[in-house]
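Here is the naming used below: chain letters follow the sequence lines, and residue numbers restart at 1 for every chain. All of these numbers come straight from a predicted model, not from anything done at the bench.
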Amino acid sequence: MRTDYCGRLSSEDIGRTVTVCGWVAKRREHGEFLAFVDLRDHTGLIQCVVDHAHEIRSEYVLAVTGVVRPRPDDTINADLATGEIEIGDASVKILSQSDPVPFQIDRAGEVDETLRMRHRYLDLRTQRMQTNLRRRAVVNGAIRRSMESQEFLEVETPMLIASTPEGARDFVVPSRLHAGTFYALPQSPQLFKQLCMVGGIDRYYQIARCMRDEDLRADRQFEFSQLDMEMSFADGDDVREIVSVAIADATEVVTGERPGLIPSMTWLDAMNNYGSDKPDIRFGMQLTELSEVFAQTDFNAFKAPSVKGIRLPGGGDTTRNRLDQLTDRAKGWGAKGLVWIKVGANGEVNSPVAKFMSETEIAGVLKALDAEEGDICFIVADKWRRTVHVLGLLRLELGRPPVNEGGYNFLWVTDFPLFESINEDGSPVPAHHPFTMPHEEDISLLNAKHDDPEKLLEIRSQAYDLVLNGWELGSGSVRIHKRELQQQIFELLGINEEEAQAKFGFLMNAFRYGAPPHAGFAFGIDRLTALLSGEENIREVIAFPKSQSGSDPLTEAPTEIDPAQLKELGLRLLPPVT
RNA sequence: GGUCCCGUGGUGAAGUCUGGAGUUCACGCCGGCCUGUCAAGCCGGAGGUCGCGGGUUCAAAUCCCGUCGGGACCGCCA
């Protein structure tokens with residue numbers, strides 16, 4: 001049916017009789033006996049010259065046969081890859097007609113996203129989506145080749161698994177054969193890949209679909225894809241090295257440039273300097289410690305465990321309105337308030353709270369922040385966690401560059417804390433998952449529970465994240481492979497032996513029979529592809545994504561189901577909550 | 001659970017703050033003209049329950065309340 005692709009024809013084909021197939025991107029009629037039809041397929045456009053085009057409309061599907069010929073010199077289109085040639089004396093076969101489309105394909109970038117989603121099959125015809133989906137496939141291919149060449153074995157793991165209460169909210173599937181029971185869809189293949197290690201797979205990988213029933217964001221969908229990997233007889237350095245190679249391979253195949261060695265930063269440094277465990281290191285505006293400056297302050301608001309500030313260069317012209325807005329936002333993030341200081345000439349400052357600070361303190365702030373005339377400084381004082389959290393978000397709000405600027409700044413964040421907080425009952429909450437190996441040097445602190453629970457928060461884990469331009473690409477850890485230590489952790493977490501057996505018994509049992517030391521990682525392919533595509537939303541690299549409320553404007557999922565289906569599953573719906 | 005923004009012919013925008021006739025612009029669509037265009041051009045035309053519901057008012061796209069849909073974010077995402 002087809003001899004050539006539209007976009008691949010070139011001057012070298014001049015004289016050939018070709019048949020191309022595709023969609024009508026544009027029709028330009030010049031009277032009854034001359035018309036130009038731009039035909040589009042996934043490779044690009046080619047202009048076809050036909051003598052009669054009156055029945056042809058936009059998005060009709062055509063097979064066009066004709067002779068490739070050079071365009072007259074004065075009609076060459078430099079903006080078109082195939083602009084030097086055209087298909088002349090073309091005969092047209094209409095393969096399929098089209099109603100007028102709800103939006104013009106070449107203007108999809110301007111229309112409401114809902115409309116694109118409702119007619120995603122049209123949106124997929126755009127250059128943008130064609131490029132993004134093909135780029136995603138290229139990334140997947142590069143990752144597969146990379147993992148294969150590093151001797152990893154692809155193993156598929158089940159989609160219907162047992163629900164475990166830890167972690168994200170599960171998507172759940174009712175069982176027909178065992179009415180009243182449910183499968184869960186995997187949040188990740190975590191436990192299975194560890195079982196693979198016990199099973200002697202040695203090096204496992206999978207491009208795995210994962211499902212989490214949590215609220216959606218620009219970088220989060222219910223369903224997403226990860227490169228999931230796990231390796232035996234390996235530590236965190238080994239894992240990071242393997243993943244770095246895979247990431248470099250994937251990046252290179254898209255950009256043509258191989259990223260250099262990925263730098264590392266400890267979690268504590270990330271939090272202290274950037275107020276985030278996924279710092280965007282494309283720009284400065286680091287958090288600066290000001291506790292010393294206000295050590296003896298009379299200003300009650302600054303009598304807090306942690307006082308830090310950031311400086312927005314040239315921000316002195318920020319309007320009062322905007323500052324009020326920022327203050328409100330900071331309060332929304334949990335701050336008690338937001339202090340700002342505008343720096344004028346000769347060290348003069350403008351700040352609503354200047355009168356509460358001594359001259360020494362003001363001078364100290366300006367010095368610590370390297371503030372110059374025309375800058376504005378923001379200060380937050382609170383508990384350490386809250387201070388860095390609020391300033392970290394403020395830093396992004398004020399300084400974050402657009403997604404496609406500043407290149408690709410990969411970063412390892414290491415030494416995450418093992419626990420993120422302490423429950424009211426004194427038991428700690430795991431920061432990663434309960435199978436994460438504590439830092440060797442900190443294992444002795446595990447016994448601290450009874451004398452000083454707060455001490456537990458200082459325990460570092462052998463968990464690490466990979467960050468790209470402020471997006472968390474993925475995380476991993478060295479796993480606990482000894483039952484005794486695992487039981488100690490469970491105990492600490494307030495999970496008794498019975499409970500542990502019920503939830504993770506299969507893993508615990510597996511560890512009875514010779515578990516190799518192992519470690520692993522997983523990173524999100526949607527996020528990686530989006531960033532490599534300069535897209536600020538992963539929906540742009542997903543063929544059929546969900547809206548922020550989790551529905552699909554195209555299929556209208558989720559839908560009600562037939563009462564007979566419910567009955568078969570042994571389910572009955574509660575009346576709607578009013 | 002919360003904060004903020006958006007919803008106007010098929011599409012995109014303006015109009016909303018400061019109420020006064022569905023008004024305007026561009027693209028698309030339909031018809032006509034047109035033999036070298038490529039954002040083709042020229043002439044003509046059709047097309048709207050201003051998301052939905054309620055309220056205020058002599059009068060609502062515009063003000064108020066609610067609701068639905070979409071988006072960004074906080075919480076959440078071990």
- Watson-Crick or G-U counterpart of B:G66, or none if no pair lies under 3.5 Å: B:C52
- Under 4.0 Å between a side-chain N or O of A:Ser549 and OP1 or OP2 of B:G71? no
- Does any nucleotide pair with B:C4 by Watson-Crick or G-U wobble geometry, both distances under 3.5 Å, and what is it? B:G71
- Rounded to the nearest angstrom, tell me the gap between atom CG in A:Asn77 and atom P in B:A40. 11 Å
- Task: Write down the distance separating the C1' atoms in B:G19 and B:U62, rounded off to the nearest Å.
- Result: 6 Å
- Output the single nucleotide from B:G36, B:C77, B:G71 whose closest atom is nearest the side chain of A:Arg220. B:C77
- Note on the structure: pair_partner(B:A26), Watson-Crick or wobble, both distances < 3.5 Å, evaluates to B:U11
- Task: Rounded off to whole Å, could you give me the CG-to-P distance for the A:Asp215 and B:G2 pair?
- Result: 12 Å
- Under the side chain to side chain donor-acceptor pair (under 3.5 Å) criterion, do A:Arg209 and A:Ser225 qualify, and how do the steps go? CA-CA 5 Å; A:Arg209 292 315 278 295; A:Ser225 299; 3.3 Å; yes
- Item | Pairwise C1' distance for B:C6 and B:A61, with rounding to whole Å | 15 Å
- May I ask you to verify if any side-chain N or O of A:Asn537 is less than 4.0 angstrom from the OP1 or OP2 atom of B:A72? yes
- Message: What contact category does A:Ala35 fall into here, base, sugar-phosphate, or nothing, at under 4.0 angstrom with non-hydrogen atoms?
- Response: nothing
- Item | Residue pair A:Thr529 / A:Ser533, side-chain donor-acceptor N/O under 3.5 Å | no
- Message: Judged by each residue's nearest nucleotide on RNA chain B, which is more toward the 5′ side, A:Val49 or A:Arg329?
- Response: A:Arg329
- Query: Side-chain N or O of A:His389 less than 4.0 angstrom from OP1 or OP2 on B:G75?
  - Reply: yes
- Comparing nearest nucleotides in RNA chain B, the 5'-proximal residue of the pair A:Arg217, A:Ser188 is A:Arg217
- Message: Any base atoms under 4.0 Å from A:Leu393, or only sugar-phosphate, or nothing? Heavy atoms, all strands.
- Response: sugar-phosphate
- Describe the nucleic acid contact of A:Arg479 in one word from base, sugar-phosphate, nothing, applying a heavy-atom distance below 4.0 Å. nothing
- Query: Is a donor-acceptor pair below 3.5 Å formed from side chain A:Arg212 to base B:C77, judging by atom type as modelled?
  - Reply: no
- Between A:Phe224 and A:Arg527, is there a cation-pi geometry (under 6.0 Å to ring centre, at most 45° from the normal)? no
- Counting any heavy atom closer than 4.0 Å, what does A:Gln221 reach on the DNA or RNA strands: base, sugar-phosphate only, or nothing? nothing
- Task: Please determine which of A:Gln104, A:Arg40, A:Gln97 meets the side chain to side chain donor-acceptor pair (under 3.5 Å) test together with A:Glu59.
- Result: A:Arg40
- Message: Base, sugar-phosphate or nothing for A:Pro72? Non-hydrogen atoms, less than 4.0 Å.
- Response: base
- Could you check whether A:Glu32 gets within reach of a base, just the sugar-phosphate, or nothing at all, counting any heavy atom under 4.0 Å? nothing
- Query: Using a cut-off of 4.0 Å on non-hydrogen atoms, how would the nucleic acid contact of A:Glu110 be classed: base, sugar-phosphate, or nothing?
  - Reply: sugar-phosphate
- Task: Evaluate the criterion side chain to side chain donor-acceptor pair (under 3.5 Å) for residue pair A:Asp170 and A:Ser163; output intermediate values, then yes/no.
- Result: CA-CA 7 Å; A:Asp170 278 328; A:Ser163 174; 2.6 Å; yes
- Query: Rounded to whole angstrom units, what separation is found between the CG atom of A:Leu115 and the C1' atom of B:G69?
  - Reply: 13 Å
- Task: Name the orientation class of the two ring planes belonging to A:Phe504 and A:Phe490 (parallel below 30°, tilted from 30 to 60°, perpendicular beyond 60°).
- Result: parallel
- Task: Starting from C1' on B:C73, measure out to NZ on A:Lys278 and report it in whole angstrom.
- Result: 11 Å
- Message: Distance alone, cut at 3.5 Å: any donor-acceptor contact between the side chains of A:Gln462 and A:Ser477?
- Response: no
- Message: Using side chain to side chain donor-acceptor pair (under 3.5 Å), reason through A:Gln221 and A:Asp526 one step at a time and then give a plain yes or no.
- Response: CA-CA 9 Å; A:Gln221 287 268 307; A:Asp526 310 84; over 6 Å; no
- side chain to side chain donor-acceptor pair (under 3.5 Å) between A:Thr327 and A:Asp324, intermediate numbers included: CA-CA 5 Å; A:Thr327 303; A:Asp324 288 344; 5.1 Å; no
Expected rows: protein N/O vs nucleotides 5-8 of chain B N/O, under 3.5 Å:
none

- Ring-on-base stacking between A:Phe36 and B:U37, under 5.5 Å between centres and under 30° between planes: is it there? yes
- Distance only, no hydrogens: is a donor on one side chain within 3.5 Å (strictly under) of an acceptor on the other, for A:Gln325 and A:Arg322? yes
- Query: Are the aromatic ring centres of A:His30 and A:Phe36 under 6.0 angstrom apart?
  - Reply: yes
- Is any N or O donor-acceptor pair between the side chain of A:Arg116 and the base of B:U11 shorter than 3.5 Å? no
- Item | Length of the line joining A:Asp79:CG and B:A40:P, which is rounded to integer Å | 12 Å
- Query: Does A:Gln47 get its side chain close enough to the base of B:U37, under 3.5 Å, for a donor-acceptor pair?
  - Reply: yes
- Item | Atom-to-atom span, CG of A:Asp106 to C1' of B:G10 - whole angstrom | 15 Å
- B:A40 pyrimidine/purine six-ring stacking with A:His30, under 5.5 Å and 30°: yes
- Task: Kindly confirm or rule out a cation-pi arrangement of A:Arg240 over A:Tyr464, judged by NZ or CZ under 6.0 Å from the six-membered ring centre and within 45° of its axis?
- Result: yes
- Would you mind reading off the distance between A:Ile538 atom CD1 and B:C77 atom C1', rounded to a whole angstrom? 12 Å
- Phosphate contact (B:G69 OP1 or OP2) by A:Thr114 side-chain N/O below 4.0 Å: no
Close N or O pairs between protein and nucleotides 28-31 of chain B (under 3.5 Å):
| residue | atom | partner | partner atom | Å |
| --- | --- | --- | --- | --- |
| B:G28 | O4' | A:Gln104 | OE1 | 3.3 |
| B:C30 | OP1 | A:Arg57 | NE | 2.8 |
| B:G31 | OP2 | A:Arg57 | NH2 | 3.3 |

- Check every strand shown and say whether A:Gln187 touches a base, only sugar-phosphate, or nothing at a heavy-atom separation below 4.0 Å. nothing
- Does one side chain, of A:Arg220 or A:Gln548, offer a donor that lies under 3.5 Å from an acceptor on the other? no
- Query: Please give, in whole Å, the distance from B:G10 C1' to A:Arg107 CZ?
  - Reply: 13 Å
- Message: With a 3.5 Å limit on both atom pairs, tell me what B:C58 is paired to, counting Watson-Crick and G-U wobble, or say none.
- Response: B:G20
- Item | Side chain A:Glu214 and base B:G75 donor-acceptor under 3.5 Å | no
- Nucleotide opposite B:C33 in a Watson-Crick or G-U pair, distances under 3.5 Å: B:G41
